[in-house]
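What follows is a set of notes on a single structure, which appears directly below.
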Protein chains: 2
Amino acid sequence: MAEIRNVDTRERILDSAERLFMTHGYDGTSMRQITGEAAVNLAAVNYHFGSKEALIQEVFRRRLDWLNEERMRVLDRLEADAGGQPVKPSLIVDAFFGTLLRMAEDEARGGMTFLRLLGRTLTEPSEFIRAFLAHEYKVVMDRFKEALFRALPEVPKAEIVWRFHFMLGATSYAIAGTDALRLVTDWQIEEEDSVDRLDRLVPRLMSFLIGGLRAPLPHFEPVAVDRS
Amino acid sequence: MAEIRNVDTRERILDSAERLFMTHGYDGTSMRQITGEAAVNLAAVNYHFGSKEALIQEVFRRRLDWLNEERMRVLDRLEADAGGQPVKPSLIVDAFFGTLLRMAEDEARGGMTFLRLLGRTLTEPSEFIRAFLAHEYKVVMDRFKEALFRALPEVPKAEIVWRFHFMLGATSYAIAGTDALRLVTDWQIEEEDSVDRLDRLVPRLMSFLIGGLRAPLPHFEPVAVDRS
DNA sequence: TTATGATTCAAACAAACGTATGAATCATGA
DNA sequence: TCATGATTCATACGTTTGTTTGAATCATAA
């Protein structure tokens, strides 16, 4: 088999990079760390991927391609089942965030490591990464935005967009900060060990997200008349 | 006045560092960028602060000291007003998150720049920063945790802790991602310019947070008796 | 005015960074 | 078996990193 060796090398690099970027961030991870942990030559990254920038893009693409397609598939099915009627907001939220969280149970799809990397990276300082993610995410984002608009016709669109932002934030933190937040807050969540943590995180987070999405609309101070 | 010169230098360094760390992150910002923008000599940071690590710690301390004391003061007053009764959850949430957000309206206290820096840094990869923040935040966190426990006696404590995490995440994202998320989502929030954005963000975020905090408790699947 | 301690400055340091190179090694088709 | 292209390897390149140094400059008290 001709490609086994280099595929192994590529995959080992991607795995190490995924883990190290998750732990130390993009700028905080060096090529020597990556190739060292992957037990490959330093030049291997540039040979197989071209550059460090291209490497992290491949790290994301490897996981996001499937994730976003799966999200689309789930939403397709929901809309088909609804038969013209708007889909329930909680189902849309679950199609987006639930699909993401359930991916973490699949170790072959990156598991918690990728989930936490993704959570952290949405606030990653390096601009080209955010730009890349914006591009990768655009289609699926627009799909879900439209679905929510239809599901909540009585809610102003700007409000929905904002709440989607809030949901993204809560989710990213919940997953990125599994230890980061524990460090920040210094609170131990007793009761559960790391194994079944995800089983319980999903329903917990979902309750929170739906509660926030469906919360009473805010009351603004004497509003500037806004005709958009 | 003997110290005017070096106070100016110190303060200029802190301002530039705050802005640059917010934009490019800790690892992504070099001493030469900081001293260059502050128009001071490269060696000034090490002279006045000792190291880059000590610098960012001072950047945070300058703002967090006041913020966390103010949070305590607000909570003190709420508990005094309640006179033995538990404080309403929404008031506790506002004392913690509202105080933070309102700080951003005060340019002399860092304004949006510090707010966004803080939002980003809670997921900052560099471990010593998170450790530092954990220490700086511990006292105030414990106070608010206890207050929420008393305010919501019927809710399991673990549930409250989780929801506090989610609230932290939603808030951090809302502020950190003012442009980060816009990039990721590629959605323009029409209607509002950057000036009054904060006026509207606060009630919006508050509604979302309270809605999430008060959401129905999650239903767990028939708990897996998991003997792995 | 002069002496003193604080601050600023230009310059240099070793270390680590991402990347590139050319030779060595490998697997494979002819 | 040999030639070919793919991959790995040790090594080096030029920058950039955070930090240090010793002299120059400053503000102030005596």
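Atom set for the values below is all heavy atoms of this structure, side chains included, hydrogens, waters and symmetry mates excluded. Per chain, numbering begins at 1; letters A, B, ... match sequence-line order.
- Heavy-atom minimum distance, A/Ile56 versus A/Ile129: CD1-CD1, 3.8 Å.
- Between A/Glu107 and A/Ala104 the shortest heavy-atom distance is OE1-O, 4.5 Å.
- Taking atom OH of residue B/Tyr26 and atom P of nucleotide D/dT17, one finds them 13 Å apart after rounding to whole Å.
- For B/Ser30 and D/dT17, the shortest distance from a side-chain N or O to OP1 or OP2 is below 4.0 Å.
- Atom CD1 of A/Ile56 and atom P of C/dG18 are 12 Å apart (whole Å).
- Cation-pi geometry between B/Arg163 and A/Phe208 is not met at under 6.0 angstrom from the ring centre and within 45 degrees of the axis.
- To the nearest angstrom, C1' of C/dT19 lies 5 Å from CG of A/Asn46.
- For the pair B/Met31 CE and C/dA10 P, the computed distance is 17 Å after rounding to whole Å.
- As judged by a 4.0 angstrom heavy-atom cut-off over every strand, A/Thr35 is placed among residues making no nucleic acid contact.
- Straight-line distance from the CD atom of B/Gln33 to the C1' atom of D/dT17: 11 Å, rounded to whole Å.
- Map A/Ser51 and B/Ala43 each onto its nearest nucleotide of DNA chain C; the residue landing nearer the 5' end is B/Ala43.
- Applying the 4.0 Å criterion to OP1 and OP2 of D/dT8, one finds that A/His48 has a side-chain N or O inside that range.
- Between the P atom of C/dT19 and the CG atom of A/Leu55 lies a distance of 10 Å, rounded to the nearest Å.
- For A/Tyr137 and A/Phe144, the ring centers sit 6.0 Å or farther from each other.
- Across C/dT19, D/dG18, C/dT8, the shortest atom-to-atom separation from the side chain of B/Tyr47 is found for C/dT8.
- The interatomic distance linking A/Leu42 (CG) with C/dC17 (C1') rounds to 10 Å, in whole Å.
- Whole-Å rounding puts the A/Lys52 NZ to D/dT15 C1' distance at 15 Å.
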